[in-house]
Each structure stands twice: as C-alpha cells, then as structure tokens.
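First up is the structure itself, then whatever we jot down about it.
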There are 2 protein chains.
Amino acid sequence: MASQTVENYLKALFSLAGDSGEVSVSDLSKYLEVSKPTAHSMVKKLHTEGLVKYEKYKPLSLTARGKKAAGLILRKHRLTEMYLVEKMGFGWEQVHEIAEQIEHIKSPLFFERMDEILGFPSHDPHGSPIPDKSGNVQYETYDKLSQCSPGDQVTLVALAHSSDELLDYLNKRNLRLGIELTVLDSESFDGSMSVETGINTYALSKLVCDALYVEPR
Amino acid sequence: MASQTVENYLKALFSLAGDSGEVSVSDLSKYLEVSKPTAHSMVKKLHTEGLVKYEKYKPLSLTARGKKAAGLILRKHRLTEMYLVEKMGFGWEQVHEIAEQIEHIKSPLFFERMDEILGFPSHDPHGSPIPDKSGNVQYETYDKLSQCSPGDQVTLVALAHSSDELLDYLNKRNLRLGIELTVLDSESFDGSMSVETGINTYALSKLVCDALYVEPR
DNA sequence: TATTAAAGTTAGACAAGACTAACAAATTTA
DNA sequence: TAAATTTGTTAGTCTTGTCTAACTTTAATA
Ligand SMILES: [Mn+2]
Ligand SMILES: [Mn+2]
Ligand SMILES: [Mn+2]
Ligand SMILES: [Mn+2]
C-alpha cells in the first residue's frame, strides 16, 4: 500500500491538474513545499510504478491508475471533512488539517462507516464534490457570484478554494453554504458587489465574489 | 513532535512495564516485531532524548517524561477505541487496528472533541482504564473469574487482554462487559468453571476464566 | 537573435528506521 | 563449575524521503 508521502503526491498532482491534466515539477514542488529535486525524484518513482506519465522536460500527468488512486484519497479526505463538521461539531475552517492526516488511515471499513453514518454525502463542507468509490469525481459547473447581475436570486453552494483567509472572512460575516443571496448592485469599476440575505447587506470585493459559487433559485 | 514510530515504542515500553517498570530489549523487539538491534538503537535514541532510562546490559525503564508521553498516547488509543464502538458502531474486536493508527493524529482538539462527545469515559471498550489528560492511569485491581467460588454473583467488567481469539470467543457466546454471571461450579482438576447468565449456561476453561475480570454485586 | 531567466535534471549527502552478521556479556542448564 | 543458550551490543548496509550545489535544457526578453 502507498505510503502517506506517495498518497500526498498523488493528491497534489490530482489537485494541480487543470483541464489539460498537465502539471509541472515546479508547481508540484511549490504545492508540497519540497525542493524541485525532491519532487522530481518522486515523479520518477511514480512513473516507474505506472502512476504518472513522464518524459524528460515534458509536463507531467497522472495515468488512469494514478488518477483513480488520487481520487480515492481525495474521497477519504472529503468524507473525513464532512464527518468532522457534521458529526463532531468542527467548523469548516478547522477540518482540513485533520483530514489531511486521517485520509491516510488504512481501513476501508472505517471510511465505509463514515460514509454510511453521513448518508452517502455527495459534497464536502466546502461544497467540493466527494469522489465516488471508484475515485471518479462529478464536476459541477457553478456560476461565480461575480458573474451575477443585480436582481439575481441565488444560493451559495460551494467555494472556489478553502483558504483559511476566505473561511475566516465568511465566518465573521455568518456567510455559509446554503445561504440565499439577492444581488443588489454590481460595480463595474472594481468588480465589487452589494448583496443581501434578508438579514444583512454585504459589500463584497471581486476577490470574494470570484471565490463564491452560486446556483440560481 | 514524536514520530509515529517513536510513539509506538513508548507505548510498547509502557505496556510491557509490569509492577517493576522494567523491560528488556528482547521483549520490546518481540512485541513490536522488529529485530533486537533495531529495538536497541531506538532505546539508545530515546535515552538521549530523556525518555528512557538505560544502562548497558541493564533492564530498561521509562523516565517520568517517557511515562507521561506514553500515557498520553495510550489515552488517545483508548479514547479512539471507545469512540469507534460507541459512536461508529464497530465491534470491540474491530477497533484496535484502527486506533493503532488514529492515536498518532496530531490534533489535540480532535481528541478533546472525542472525549466530550463520549462524555469523558473512564474505560475503553475492553474495560481498560483511559489515562487522564496528564497521562496518568488509574489502575483497578479486579478479581479474575477464576478466583470466584460457586454461588458468587459477579459482573464482567474488563478483560485481562484483548486478543482477537478471546474477543471472537466471547462474541460467539454473546458475552460482553456488564453481563451478570452466577458461578455454578468450579472444577479443581482443570480450573474450568460453569457459570450462568439467566439466559444461558456456559462451561468456561481456566484460560478463559483467567482472562475475565469481574466485580461482585 | 543573443542573452537572461526559469524550469528541469543529475550528483551527492543526510536522517530515520529498518535489516543481517558477528561478537560479547549474562544467564541457565548440565 | 563448565558448557550451552539467551540476551545485549556493535558494525555495516539498505530504503525512503528529504536536502544543496551544480549543470542542462527550455522559455522569455531585450
Ligand atoms: Mn481539505
Ligand atoms: Mn495528507
Ligand atoms: Mn487497543
Ligand atoms: Mn500506533
């Protein structure tokens, strides 16, 4: 079975791969905070194990096997985050670090039970999809709040990323997934928006509006 | 922070230390299934870190610091076992392997929450005491079932050890902690006993009776 | 296009944690 | 007590995952 280190590399490659599926050694080394030679030597190892496609001086990509392995780890990560929030009372800003460790627990039954207890959730606490038992992810194409127009009535359904800064920002304002927003105004000069929830009115910067995925209602 | 490996060595030393508190390198190496030189070199390392008392050719013992560190890991192990049984529906025979891994999670808050959710339990699912937040264990001196006499009415409160074989044996017979037993007969020839629960009557070997801790009622 | 910068690669070193082979000390048994 | 066995120790090797220094290839820029 793959070591924790290998699992983290696979998950990193999976996360870094955009639509093209291609990742550079540089990006990988920055993401995991290791030196380039360290990332490079792991890439060569994963290549010999058939998990990464690699040719000298070419961009990296996960093989089908690598993608599946990575998807299964991401599944455990997101199931864990959901469990910590739903069943143990953690805040969505507290769970990533713990899940980063628990995702490596070697016990299929443990994650099966989590899944059952949670009622087979489709998304994690940040609105990201939980890969299925084959490691496949169902990507959704949400609109960003920044793409909405005045008068639009939307529900906050996911975040583009889950940085501590963003989560703290939203926590301070009591903004959570599921909250219903009405767009009041959109400022073309700086991309900032004014939205209301029925309780409060918020002035949100473009940076924030770009990070909020919404669905019309 | 101590590596998983170091944590496992400390816990092993703690578990192996009897009343004398002394452990041999041989016992340690057998317990952890590593070679004697491997155990030996780790002992020297732990000694330089002030966690183990060590002199050439003398028995080992944990220092106060080592004992505390070990107790805190054992606490996390037993809290986890309790959580898995009480909150996730695992059987008492399934939890050790998972707890062996989860005990190494670096997140005080995670174990705090477990403790709270469980209502600050004093014992794990096998009846072993959970060390307190300082790493101290409250040892109880239970009677063994094998020390009881015909007519004694007792409650099963703990196990002397939690081997898979014993747990499976007890599972097959629906014998669990808390069950009330009346001793019918004690056979001096082989130490076997006959006991009843109100529902069933059991013939138990000395091996089993020695492994069952009971309290009179 | 020539130069510079960035990205990728190779070589060599290191720490942690494991091993085997060989030997020394202590303990047990004859 | 002498021999045999067990226990403890040393020395040297290996794998995994990390690093720095130096070099090469590719990409960007003047
Ligand atoms: Mn996360
Ligand atoms: Mn991780
Ligand atoms: Mn256990
Ligand atoms: Mn462990």
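Each chain gets a letter, A, B and so on, in the order the sequences are listed, and its residues count up from 1.
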### Task
Ignoring backbone atoms, establish whether Ser3(B) has a side-chain N or O less than 4.0 Å from OP1 or OP2 of dG17(C).
yes

### Task
Give a yes/no answer on whether the side chain of Tyr54(A) brings an N or O atom under 4.0 Å of OP1 or OP2 in dT9(C).
yes

### Query
Taking atom P of dA27(D) as reference, at what distance in whole Å does atom OH of Tyr57(A) sit?
11 Å

### Task
Establish, with yes or no, whether the OP1 or OP2 oxygen of dA15(C) is under 4.0 angstrom from a side-chain nitrogen or oxygen of Lys45(B).
no

#### Entry: Between C1' of dA16(C) and CD of Gln4(A), the distance in whole Å
15 Å

### Task
Using atom types as modelled and distance alone, determine if a side-chain donor or acceptor of Asn8(B) lies under 3.5 Å from a backbone N or O of Thr5(B).
no

### Task
Indicate whether OP1 or OP2 belonging to dC19(C) is found under 4.0 Å from a side-chain N or O atom of Ser35(B).
yes

## Note on the structure
Whole-Å distance, Leu28(B) CG to dT9(D) P, equals 12 Å

### Query
Given dG8(C), dG8(D), dA11(D), which nucleotide is nearest the side-chain atoms of Pro37(B)?
dA11(D)

### Message
Is it the case that atom CG in Leu109(A) sees more than 12 heavy atoms from other parts of the structure closer than 6.0 Å?
### Response
yes

## Note on the structure
Tested for salt bridge (charged side-chain N to carboxylate O under 4.0 Å, His left out) against Glu103(A), the lone hit among Lys76(A), Lys11(A), Arg75(A) is Lys11(A)

### Query
Are Lys58(A) and dG8(C) close enough that a side-chain N or O sits under 4.0 Å from OP1 or OP2?
no

### Task
Would you indicate, yes or no, if dT10(D) has its OP1 or OP2 atom less than 4.0 angstrom from a side-chain nitrogen or oxygen of Lys44(B)?
yes

### Task
Scan Thr38(A) against the nucleic acid and name what it touches under 4.0 Å (heavy atoms): base, sugar-phosphate only, or nothing.
base

### Message
Can you tell me which nucleotide in dT25(D), dT10(C), dG17(C) comes closest to the side chain of Val6(B)?
### Response
dG17(C)

### Task
Carefully, step by step, assess His96(A) and His77(A) under the rule ring pair (Phe, Tyr, Trp, His ring centres under 6.0 Å).
CA-CA 8 Å; His96(A) 179 79; His77(A) 181 97; 4.7 Å; yes

### Query
What's the closest nucleotide to the Ser26(A) side chain, out of dG8(D), dG17(D), dG8(C)?
dG8(C)

### Residue whose closest nucleotide on DNA chain D lies nearer the 5' end, Ser41(A) versus Lys56(A)
Ser41(A)

### Message
Does a side-chain N or O of Tyr9(B) approach OP1 or OP2 of dA16(C) to a distance below 4.0 Å, or not?
### Response
no

### Cation-aromatic face contact Arg113(B)/Phe110(B), 6.0 Å, 45 degrees
no

### Query
So which one's nearest nucleotide on DNA chain C is more toward 5', Lys36(B) or Lys30(A)?
Lys30(A)

### Query
Within the structure, does a side-chain N or O atom of His40(A) lie under 4.0 Å from either OP1 or OP2 of dG8(C)?
no

### Query
Among the nucleotides dT9(C), dA26(C), dT18(D), which one has an atom lying closest to any side-chain atom of Thr5(A)?
dT18(D)

